[in-house]
Engineer: 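Structure provided below as structure tokens; questions to follow.
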Amino acid sequence: MKKFLNMIQKYYHYRRYKKLLKYKQYSKYGPDYRTVINNYEYLRNRFTLIILRFFYLFPVKKNRVLFMSFEAKKYSCNPRRISEYIAKNYPGEFEIIWAIKDAESFEWLKDWGCTKVVEAYSAKFYRYALTSKVFVYNMRIPAMIPFRKSQLTMGTGHGGGAYKKLLLDNPNIHNADRKIQALSASHTNILVSSCKYYTEYVVRGAFAHTGECIECGMPRNDELVNNHDSKMSDYIHKYYGIPKEHKIILYAPTYRKGKRNEATDYNLDVRGIAEAAKKRFGGDWTILYRMHYFIKKRLPADCNGQNIVDVTDYYDMQDLLLAADILITDYSSSVWDYSLLKRPCFLYTTDLDEYLENQGFYVDVRDWPFPLAKDNEALVDNIIHFDEEDYLKAVHKHHTDLGSFDNGTATKTLADRIHKECFGA
């Protein structure tokens, strides 16, 4: 048995090595190389679906729940909230497992109610994945895992509202991507929705999900709706050494595939917006830069210490949203989360025309309730002339128009569903 598991482990590492070689080999052909890679991934997934059926020899454990967040790269988002809730409210009833890359660095999770931490995509991971009663994730489900009918897979998503077009609705999607998404959709039992628009356009449209949809909001947004964590701002100030009297502007742009690969590419007038915030809201300000985790080149080291802090590597965005007094972003779904706090949010969209043509939106970005600017000058002007009363009215209308389900009880709803699935009514 051990020899067989070691063989699978070696096979996994071999596939990763070959994949890296293929990326380098086909990258010289430009954007079309992604089609080759995606077709290879689809065929690999089909083959692995057969191999991993070996783990059907092991029985499904009714109290075992496996969590994965952002392709096993983080301990955060909706899976984190559900995991912590069931650990606290159902003590000792569940075997809680987290799948994370570089699992040894996350052994501290055992102090937070986690039972085991397993290296993602190892042989042990596959064994746990195929013997867990419930599998909870927040991005595309691993398409190579042949889940059994006696298991429940729950996709929580990682963005609220309905903004930029995703997956099958993306005008530039490759045919191989469609095949992989169809394969993933066939493995998913439940998807979670934050609003009516998300159910209609994303769950039933972009994700092609025909199964159950739980319309309860995002667990990660419960703390924003309830806004009980008043100490988070003090914690972030202390964590990054920000002066207590400073207010916080969080800048968190979304990812553009193949473009803007460095933090400096976004060309934000840091000094200008800090002065504008001081003029409109008073006080001194520190700006937190939160780049997408795909961005490899971060802020230059000499930027730190000038009331600018790179927080890209901080593990959970929701903590930063709770601490921020102002959010500046572009097309990120974080606008939905942050709007639940009723705090000022501004859009800085220097490539709007190009983005409209290549990506598109479910709801026109110009109809969002957040002041929009295409350049730094307009952004500064929007901050200085911010009208709180008009803004709050627009946010309320936005939530109503999109049919918000975020009411602060999503975590309990999903945790109770998991408990019922594992132990019955």
Engineer: Would N221 and Q318 count as having a side-chain donor-acceptor pair, cut-off 3.5 Å?
Structural biologist: yes

Engineer: Less than 6.0 Å separating the ring centroids of F405 and Y198?
Structural biologist: no

Engineer: Are D316 and R80 within salt-bridge range, i.e. N to O under 4.0 Å?
Structural biologist: yes

Engineer: Under the ring pair (Phe, Tyr, Trp, His ring centres under 6.0 Å) test, which residues partner Y235, sequence neighbours left out?
Structural biologist: Y239

Engineer: Does a salt bridge link K124 with E119, judged by any charged N lying under 4.0 Å from a carboxylate O?
Structural biologist: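 Answer for the salt bridge query: no.
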
Engineer: Which label fits F423 and H419: parallel for a plane angle under 30°, tilted from 30 to 60°, or perpendicular past 60°?
Structural biologist: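 Because their plane-to-plane angle lies in the 30° to 60° range, the rings of F423 and H419 count as tilted.
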
Engineer: Is it true that E84 and K88 have a side-chain N and a carboxylate O under 4.0 angstrom from each other?
Structural biologist: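 Looking at E84 and K88, the cut-off is not met.
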
Engineer: Return the set of residues passing ring pair (Phe, Tyr, Trp, His ring centres under 6.0 Å) with F281 (not counting sequence neighbours), or none when no residue passes.
Structural biologist: F386

Engineer: Of the options Y163, Y348, F361, W336, which is the one that meets Y331 in a ring pair (Phe, Tyr, Trp, His ring centres under 6.0 Å)?
Structural biologist: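 Per the ring pair (Phe, Tyr, Trp, His ring centres under 6.0 Å) rule, the option paired with Y331 is F361, out of Y163, Y348, F361, W336.
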
Engineer: Once you measure the plane-to-plane angle for W108 and W112, does it fall in the parallel (<30°), tilted (30-60°) or perpendicular (>60°) bin?
Structural biologist: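 Taking W112 first and then W108, their aromatic rings stand perpendicular (interplane angle over 60°).
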
Engineer: Does the T286 side chain pair with the main chain of I242, one donor and one acceptor, at a distance under 3.5 Å?
Structural biologist: no

Engineer: Taking N78 for its side chain and M218 for its backbone only, find out whether a donor-acceptor pair lies under 3.5 Å.
Structural biologist: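 No, the answer is negative, given that no donor and acceptor are paired below the 3.5 Å cut-off.
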
Engineer: Would a distance-only check, ignoring hydrogens and angles, find a side-chain to backbone donor-acceptor pair under 3.5 Å from S122 to F125?
Structural biologist: yes

